[in-house]
A.B. asks: 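Structure incoming, see below.
Basis for what follows: all heavy atoms, side chains included, without hydrogens, waters or symmetry-related copies. Just so you know, these numbers come straight off a predicted model, no measurement behind them.
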Amino acid sequence: MADVARAGGGEKNDSRGPLTIFRESFPAIAVVTVVVMVIFPMPTWMLDTLLALNLVFALLVLLIVIYTQKPTEFSLFPTMLLVATVFSLALNVSSTRLILTLGPAFDGRMILAFSRFVVGTAGNEGIVVGFIIFIMIIAVQVVVITKGATRVAEVAARFTLDAMSVRYMAIETEYSQGAISEEEAKRQKEQVRKEADFYGSMDGASKFISGNVKIGIFVIVINIIGGVIIGMAIQGLPFGMAVQHFVTLCIGDGLVNQLPALLISTAMGIVVTRAAATGVLHEQVEDQIFSRNTLVYWICAGVMVFLAMLPGFPWYVLLPIAALLAAHAFRLKRKQQREANFSAMMSTTREKKEEKPVEISPVVPLDSMSLELGYGLIPLVDKEKGAELLERVQGVRRQSALDLGLVIPKVRIIDNMALEPSDYCFKIKGVDAGRGKIRMGYYLCINPGMVVNELPGEKTVDPVFGLPAVWIDHDRRDEAERAGYNVIDPPSIIATHLTEIIRRNGADILGQQNVQAILDELRKEYPAVVDEVLKEGRGLRIAEIQKILQGLLRERVSIRNMVSILEAIADYAPSSKNIWFLTEKARQAIASQICRQYADDDRRLRVLTIDPVLEQKLIDSKYESASGVVSALDPPSQKIWIRAVAKAVSAVKNAGWMPVILCSEPARFLVKNSTERELPDLAVLSVPEIVQDVFPEAVGVIRPDEQDRAV
C-alpha cells in the first residue's frame, strides 16, 4: 500500500523527454556557461566553436530584425543585446588567455583564419594594413552606428513614454464612443505599454553595444602590449617576431569578436530607426524607393551619362548603371500607365451602369437614418484615406445595440451639395435630427470645467451638447491636452453626435419592421414567450408592442432584456391592453436594470420626492386621450409645478447628484409627461421599481413656494 501511495501521489513522474528538458533548461545553461568561460580556460577547439556560434547568433539577430513586421514584435531584442555583449566579452577573455598562454603554439583556427585573411603574407605592411582595417571598423561602430543608434533609442524612448497618457486617453475616447470593443481597448493599451517598455529597454540596452565596442579597443591594446612582453621576456622571442606574431593574432581576435558586434549594432540601428514603420523591410524599400516618380530615375540616368562623357571617368561602369536606371524608369512608367488605364476602364464601366435607365419605383422610402456631408468632409469616408468615419459609425451601431438593445439600421452616408463644405446633418426618416460644423485638419477642444489658462483659437460651440469650445490646429494638440482640455478629432465629433442622437431618438427609429425582426429572432430560442404575447384574441398586435417599446426608449431605458419585457406584457395583457399600464409593468419587470442605471457605486439612489398634495393634484389631472394618458393641469398650475421641479432639480445638480424623482405608480407617467418638454432628461421612477438591494435616499422634496401656494 505504501508503494502504491508513493507511486500514485507521493512523487510526480516527469513524462517530459530529455529534449524538452534540455530546451527548457538551455537559457540557464547558456548563462552559466558564459560566466564559467570568464574564469576557467578552454581548449582551442571549443573556442573555435563558440566564436562560430557567436558569429551565427549575430547574423540570425540581424536577419530576424530585417524580416520582422514591427520592431516591437522582437521584444526579446534588448535581452539578446545583453546576452550577446556578455558572451562576446567572455570570448575576448578566453581568447586573450589562450593567445598569451600558448604564444606561437596557439592553433585557434577562427582567429588564425581571420588574421591571415586580413594581414595576409605581406609582412609588416600586412600587419599595418590589418591594424588600420581593425581601427576603421571600431571607428565606424563607435562614431557612426552605435552613437547614432543610441541617440535614436534615447529619443524614441522619451517620446514613447511622454505619449503614453495621450494614447491611453485616445483609446478611452474611442471605447466610450463605441468605436472599439472592450477587448480591443485592452489589446491596444497592452500594445502601448509594450512599446513603451520596449523602447525604454532599448535605450538602456544600446549602452551594452557601445561599451562592448569601446572595450574592444582596450582589449587589443592590452593584448599587444602583454603579448610582446610575454613573448620577449618569457618565451624568448626577438622583438620583431614577437610584435609580428602577437599583433597578427590580436588583429584576428579583434576582428572575429568585432564582426558579430558590428552585425548586432546594425540590427539595433535598424530596430530603433523603424519605430514608426510597419511591414517587412524589403516591402518598404520597394514601395518607398523603387516605386516613386519615374522622373527621379530618368534624372539619375542622365547624370550618370553626363559623368561618363567627362574625361577620366570610368564610362564602362557609369553607362551600365545609367542603362539599368533608365530600364527601371521605363518599366515603372508602363506599370503606372497600365494601372491608370485599368482605373479609367473601371470608372467608365461604373458610369455606364449608372447611365442605364432605371424604372422609378412607385414607392420611394426614406432612409431610417442618414448622414449628409458637405463636400469638404468627403475625405472622412474616402477609403483611400482610411475611411475612419465609416468604422466609427459601425462602432456606434454596435455600442447602441449593447446599450439600448436597439439595432440601428445602416446609416446611409451621402454628400449634399446644398450644405456648406464643412457642415454635416443627421436625418431620421428624412427629418433633421442634428447638424454641426467640422473644420478638417483641426481639433475641437472642450473645457471640462477644470481649465485655468484658456487656449487661443477659433471659438465655437460643441455641436453635440452645446458647450463652449475652440478649434486648434494639429500642432497644438499636445499643448491642449496638457492644459486639461478634452481634445476631439473630426470623426469622433460626428460619432459622438450620432450616439447622442440615437439615445434621444431611439423611439422614433424603432419601427414595426424592427419589432417584427426582434420577435422573429426571439422566437428561435423563446417561442413560448413570443407566442403568448401574440396569442390570438388575448395577445397584442405588433403596433401595440411597438408603442410599449417606444415608451421605454423615450425614457432611455434599454430594451435589451426583451424576454423579461415580453413576459411582463404576457402576464398583464389579458387583464388590460392599455399601453400606459403595460409600459409601467414592463418597467417594473426590469426594475433592477433601471435602478442600477441611476444608483451610485454604493447602491444608493438619491431621489427627490413630491409633496403629497401636489402629487395628488397631478393624479387628478389625468386625462386619457386617443393617443394615450396625459397630464392636463391648467396653465397656472402647470407653471407652478414646473417651477417647483426645476428649483429642486437645480439644487440636486449643484450638490453633484443626478436628479431622479421618486413617486407613486399612478403618478410616475404623469410626472414624466408633464415635465418632458421643459426637462427632457429628467429621470422619474415609481415606488414598485425600487428593488431590494438598492437603497433610496431622499435629498429633497418638490413643493411649490409659499408665494405659489398663496396663488
Side-chain angles (χ1 to χ4, degrees), residues 166 168-180 369-374 376-377 379-381 388-389 391-393 395-397 399-400 403-404 408 411 413 416 419-428 431-506 556 649-650 653-654 656 658-659 678-682:
V166 177
Y168 275 160
M169 290 177 61
I171 294 170
E172 286 292 341
T173 301
E174 291 186 354
Y175 171 65
S176 63
Q177 294 168 352
I180 57 176
M369 196 160 199
S370 62
L371 169 60
E372 297 181 353
L373 302 175
L377 304 182
L380 294 176
V381 293
E388 188 177 358
L389 182 58
E391 298 179 3
R392 296 291 182 89
V393 170
V396 170
R397 293 181 64 231
Q399 194 62 36
S400 297
D403 294 343
L404 294 177
I408 304 301
V411 180
I413 301 178
N416 186 348
L419 292 175
E420 293 294 325
S422 300
D423 287 359
Y424 68 89
C425 175
F426 285 104
K427 289 187 177 182
I428 297 178
V431 179
D432 283 9
R435 59 175 57 219
K437 182 183 291 290
I438 296 292
R439 289 201 63 182
M440 292 294 293
Y442 287 76
Y443 288 90
L444 185 69
C445 298
I446 302 175
N447 186 349
M450 300 178 293
V451 176
V452 178
N453 299 323
E454 292 190 4
L455 200 65
E458 180 183 339
K459 296 189 180 298
T460 183
V461 175
D462 169 32
V464 184
F465 303 104
L467 300 175
V470 61
W471 288 108
I472 63 168
D473 56 24
H474 182 274
D475 297 335
R476 305 184 65 188
R477 178 178 182 177
D478 293 341
E479 178 186 352
E481 290 175 342
R482 289 193 298 268
Y485 281 93
N486 292 331
V487 183
I488 311 174
D489 60 347
S492 300
I493 296 171
I494 299 178
T496 305
H497 202 167
L498 174 60
T499 302
E500 187 63 20
I501 286 174
I502 292 172
R503 290 177 66 245
R504 292 177 180 175
N505 301 276
R556 303 186 183 182
V649 166
S650 178
K653 285 184 177 179
N654 292 335
M658 178 182 293
E678 291 83 3
L679 302 167
D681 297 329
L682 182 62

A.B. asks: Which value, rounded to the nearest 0.5 Å, describes the distance between Asn486 atom CG and Glu481 atom CD?
C.D. replies: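 Output value for this atom pair is 9.5 Å.
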A.B. asks: Please list, chain by chain and in numerical order, all residues satisfying side-chain hydrogen bond (donor to acceptor under 3.5 Å, both in side chains) with Asp475, sequence neighbours excluded.
C.D. replies: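 For Asp475, no residue satisfies side-chain hydrogen bond (donor to acceptor under 3.5 Å, both in side chains) once neighbours in sequence are set aside.
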A.B. asks: Which atom names give the shortest non-hydrogen contact between Leu377 and Asp423, and what distance separates them?
C.D. replies: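 So the two residues come closest at CD1-O, 3.5 Å.
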A.B. asks: Rounded to the nearest 0.5 Å, what separation is found between the CZ atom of Arg397 and the OG1 atom of Thr499?
C.D. replies: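 Answer for the CZ-OG1 pair, Arg397 versus Thr499, is 12.5 Å.
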A.B. asks: So, taking the atom named CG in Leu389 and the one named CD1 in Ile494, what distance separates them when rounded to the nearest 0.5 Å?
C.D. replies: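 CD1 of Ile494 is found 5.0 Å from CG of Leu389.
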A.B. asks: So, using side-chain hydrogen bond (donor to acceptor under 3.5 Å, both in side chains) as the criterion, who are the partners of Asp473 when residues are at least two apart?
C.D. replies: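 Scan of Asp473 (side-chain hydrogen bond (donor to acceptor under 3.5 Å, both in side chains), adjacent residues dropped) gives none.
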A.B. asks: Sort and list the pairs that fulfil salt bridge (charged side-chain N to carboxylate O under 4.0 Å, His left out) and have at least one residue in residues 441-452, not counting sequence neighbours.
C.D. replies: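 Output for this query is empty, none listed.
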A.B. asks: For residues 441-451, run the donor-acceptor check on the side chains, cut-off 3.5 Å, and write out each pair with its distance to 0.1 Å, sequence neighbours left out.
C.D. replies:
from: Tyr442; atom 1: OH; to: Arg439; atom 2: NH2; distance (Å): 3.4
from: Tyr443; atom 1: OH; to: Arg477; atom 2: NH1; distance (Å): 3.2
from: Asn447; atom 1: OD1; to: Gly449; atom 2: N; distance (Å): 2.8
from: Asn447; atom 1: OD1; to: Val451; atom 2: N; distance (Å): 3.3

A.B. asks: Can you name the closest pair of heavy atoms from Leu455 and Ala480 and give their distance?
C.D. replies: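 For Leu455 versus Ala480, the nearest heavy atoms are CD2-CB, 3.5 Å.
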A.B. asks: Residues two or more places apart in sequence or in another chain: which of them pass side chain to side chain contact (heavy atoms under 4.5 Å, CB included) with Asp432?
C.D. replies: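 Asp432: side chain to side chain contact (heavy atoms under 4.5 Å, CB included) contacts with Cys425, Lys427, Arg435.
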A.B. asks: How long is the straight-line distance from OG1 of Thr496 back to CD of Glu500, given to the nearest 0.5 Å?
C.D. replies: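 One finds 9.5 Å between CD of Glu500 and OG1 of Thr496.
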A.B. asks: Can Leu371 and Leu498 be said to form a side-chain contact (heavy atoms from CB on, under 4.5 Å), step by step?
C.D. replies: CA-CA 9 Å; Leu371 169 60; Leu498 174 60; over 6 Å; no
A.B. asks: Check residues 459-469 and write down every donor-acceptor pair under 3.5 Å in which the side-chain atom is one partner and the other belongs to a residue at least two apart or another chain.
C.D. replies:
from: Asp462; atom 1: OD1; to: Val464; atom 2: N; distance (Å): 3.2
from: Asp462; atom 1: OD2; to: Phe465; atom 2: N; distance (Å): 3.1

A.B. asks: What's the spacing between Glu372 CD and Leu419 CG if we round to 0.5 Å?
C.D. replies: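 Here the interatomic distance stands at 6.0 Å.
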A.B. asks: Specify the closest pair of heavy atoms between Ile408 and Ser400, including all atoms of both residues, with the distance to one decimal.
C.D. replies: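 Where Ile408 meets Ser400 most closely, the heavy atoms are CG1-CB, 4.1 Å.
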A.B. asks: Hey, what do you get for CD (Gln399) to CG (Leu404), rounding to the nearest 0.5 Å?
C.D. replies: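 One finds 9.5 Å between CD of Gln399 and CG of Leu404.
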A.B. asks: Could you check if a side-chain atom of Arg392 sits within less than 4.5 angstrom of a side-chain atom of Leu380, using non-hydrogen atoms only?
C.D. replies: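 Answer no - side chains too far apart.
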A.B. asks: Only counting residues at least two apart or in another chain, list the ones meeting salt bridge (Lys or Arg N to Asp or Glu O under 4.0 Å) with Asp403.
C.D. replies: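 Counting only residues at least two positions away or on another chain, Asp403 forms no salt bridge (Lys or Arg N to Asp or Glu O under 4.0 Å).
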A.B. asks: Would you please name every residue forming a salt bridge (Lys or Arg N to Asp or Glu O under 4.0 Å) with Glu479, sequence neighbours left out?
C.D. replies: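 With sequence neighbours excluded, Glu479 shows a salt bridge (Lys or Arg N to Asp or Glu O under 4.0 Å) to Arg476, given in chain and number order.
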A.B. asks: According to side-chain hydrogen bond (donor to acceptor under 3.5 Å, both in side chains), who are the partners of Tyr424, at least two apart in sequence or on a separate chain?
C.D. replies: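 Result, side-chain hydrogen bond (donor to acceptor under 3.5 Å, both in side chains) vs Tyr424: His497.
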